[in-house]
Amino acid sequence: MMPKMNTAKILLSLLHLLAATPVLAGDFNTCLGDLRREATGKGITTQTFDAAMRGIEPDQSVLEAMDNQPEFKTPIWDYLAALVDEQRIADGHAKLAEWAAVLADAERKFGVDRHTIIAVWGVESDYGKTMGRRPLVRSLATVSCFGGRQRFFRGELLATLRILQSGDMPPEALAGSWAGAFGHTQFMPSTFQRLAVDFDGDGRRDIVNSVPDALGSTANYLKQAGWITAQPWGYEVRLPANYDGPAGRRTRRALTEWNRLGIRQIDGSALTGNGPAALLLPAGARGPAFIVFRNFDAIYSYNAAESYALAIAHLSDRLRGAGPFRSAWPTDDPGLSRAERRELQELLIARGYDIGTADGIIGARTRAAIESFQTSAGLAADGRAGGRVLKALRQTSPQQ
Ligand code: CA
C-alpha cells in the first residue's frame, strides 16, 4: 500500500524539488565579483578575499538545509529530554572539574557563574563534540549569493573575512553549521567580532581550538547581554487552579503582582527575588511554569529560542545539584534522553528495520520504522520517537 501523503508532505516534497534545482556557477561567479568589491571597499584586502575564495563553489546542501522545514514540530519536552539528560549532566560535572581554574577566572572577570557557562557549552556544542564541520567561507558565500537572506549573510561573510585577516583563527578552523555558527560556543562570525575574548593569553581569539577562549567568550557574551551577578535566571513555580492571567517572556511584572495573582514557589511559599519578572508557560498553563528574571533574557539572547534558553537554564540548575522539574509536561508520550533514543533504535534494528546505526539521531528512516512498527503493533502510527513507542518496543519480543 502506498503511504498516504497529506498536504503538508506534498508541499514539502515540492520544496525539496525546488531546493534540488542546481544553482548556477555563472551566477555564483558574478556574485563573488560583487562580494569582492563590497568586501575590499570595507577594509578586506584583495589578498585576504582571494585566498579565502580560491576554488570555491556554491554548496547546494547549505541551501537545502536553509529551506528544510522540519516535518514534525518538536514539542518542548523532546528538546528538554535530549538536551538535559543524565549524560550531559555527568559530562558537565567532568568539565566543571577539568576547567575549574579557567571558570574561576571567568567568574571573577565577567561575573557569570561557572554552572551557567558550562551549561551554555553543553547545550550549544555538547562540550565541543558537535561544533559543525562545514567550511564557513563556502557556506556563507553560498547563502550570500542565493536564497532569501542574502543581506544578512553578507554581513556574516564579511565578519568571517575579518577574522581571517586578523589572524585570530586559521582558515581550516573556521568550520561550523550551515548558517555560520561555529566553535565550542557556536558564535556567529559577527558575534565573534564583537564579543570573543583571548582568555588563554596567547594573543589570539580562537573559540575552536582554545576551550579557555570559548568559555571566556561565553561569559563575556552573557555579561554584555545584561547578566546580573549572583542572581538566579528564575525558578519553577505553581499556578493557582485554572490560571488564565498574563504570561509570556515579554510580560514583566513586579513580584508583588505575581504574588497577588496567586503564583507561588513550587513548595508553596511566596515568590522571592529582585527586579521585574515574567511568567513562562512553555507548554501552556497545564505544564511546568517558571518565574524568570533578567538573567533568563541574557541566556535567551544567545540563540533566541525559549526551548534552548530553558535547556541552558535547567542544565545549569542540574549542575548545581537540583532535581528535575516537579510538574509534568502535559503529555502521555514523554521525550527521550539520548541514551533512550539509541535504545529505541537498537530495538528497531533487532526487529530487522534498516535504519543504519543506533546513533540517537531521529531521522526520516527511524521515523518510518517507528510508523511501521506502530502499525504492526496496532498502535496509532504517528512515527513519533517518544516514551510510548519505546515502552511498547521493550514489551514485545522481536520474534512476535
Ligand atoms: Ca587565545
Side-chain angles (χ1 to χ4, degrees), residues 39 43-45 47-49 51-52 91-140 155-177 179-227 229 298-299 301-303 312 316 319:
I44 301 297
T45 66
Q47 292 93 318
T48 299
F49 189 92
D91 291 348
H93 281 300
K95 296 299 180 192
L96 282 165
E98 182 180 358
W99 298 101
V102 169
L103 291 162
D105 283 347
E107 286 177 339
R108 272 193 296 274
K109 176 144 193 205
F110 303 105
V112 181
D113 68 278
R114 65 190 64 205
H115 302 101
T116 303
I117 298 170
I118 290 292
V120 170
W121 188 18
V123 166
E124 290 293 325
S125 72
D126 195 14
Y127 310 108
K129 288 200 276 291
T130 55
M131 296 197 281
R133 295 209 177 93
R134 294 175 191 272
L136 238 56
V137 171
R138 186 183 182 197
S139 298
L140 289 172
E156 295 301 329
L157 178 62
L158 197 65
T160 306
L161 295 168
R162 288 195 210 286
I163 296 169
L164 286 170
Q165 188 156 293
S166 72
D168 272 327
M169 292 181 53
E172 64 274 13
L174 281 175
S177 77
F182 71 104
H184 289 277
T185 48
Q186 295 288 286
F187 276 10
M188 291 297 286
S190 60
T191 308
F192 178 97
Q193 280 296 92
R194 281 189 300 122
L195 296 171
V197 296
D198 169 26
F199 210 53
D200 61 11
D202 71 348
R204 297 184 305 113
R205 306 180 295 169
D206 185 342
I207 59 169
V208 170
N209 296 304
S210 167
V211 169
D213 283 10
L215 299 182
S217 297
T218 293
N220 187 43
Y221 181 101
L222 291 169
K223 181 188 178 196
Q224 301 301 328
W227 189 266
T229 303
I299 297 172
S301 74
Y302 213 97
N303 63 19
I312 290 168
S316 75
L319 292 171

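Whatever order the structure lists them in is the order used to number ligands and atoms, beginning at 1.
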Would you say the side chains of Asp113 and Thr116 form a donor-acceptor pair under 3.5 Å?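 Yes.
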Establish, from distance only, whether the side-chain atoms of Thr185 and Glu124 form a donor-acceptor pair under 3.5 Å.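 Side-chain D/A pair, Thr185 to Glu124: absent.
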Suppose the cut-off is 3.0 Å; which protein N/O/S atoms would you list for the Ca ion (ligand 1)?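 Metal shell, protein only: Asp198 OD1, Asp200 OD1, Asp202 OD1, Arg204 O, Asp213 OD1, Asp213 OD2.
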CA sep, side-chain torsions, deciding dist, call: Phe192, Phe182, ring-ring contact (aromatic ring centres under 6.0 Å, His included): CA-CA 9 Å; Phe192 178 97; Phe182 71 104; 5.7 Å; yes
Tyr127 and Trp121 aromatic ring geometry - parallel, tilted or perpendicular at 30°/60° bounds: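 It falls in the perpendicular class, over 60°.
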Determine the minimum heavy-atom distance between Gln186 and Met131, stating which atoms define it.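 Of all heavy-atom pairs spanning Gln186 and Met131, the closest is NE2-O, 3.0 Å.
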Candidates Asp168, Asp206, Val208, Thr218 - the one meeting side chain to side chain contact (heavy atoms under 4.5 Å, CB included) with Asp213: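 For Asp213, the side chain to side chain contact (heavy atoms under 4.5 Å, CB included) check succeeds only for Asp206.
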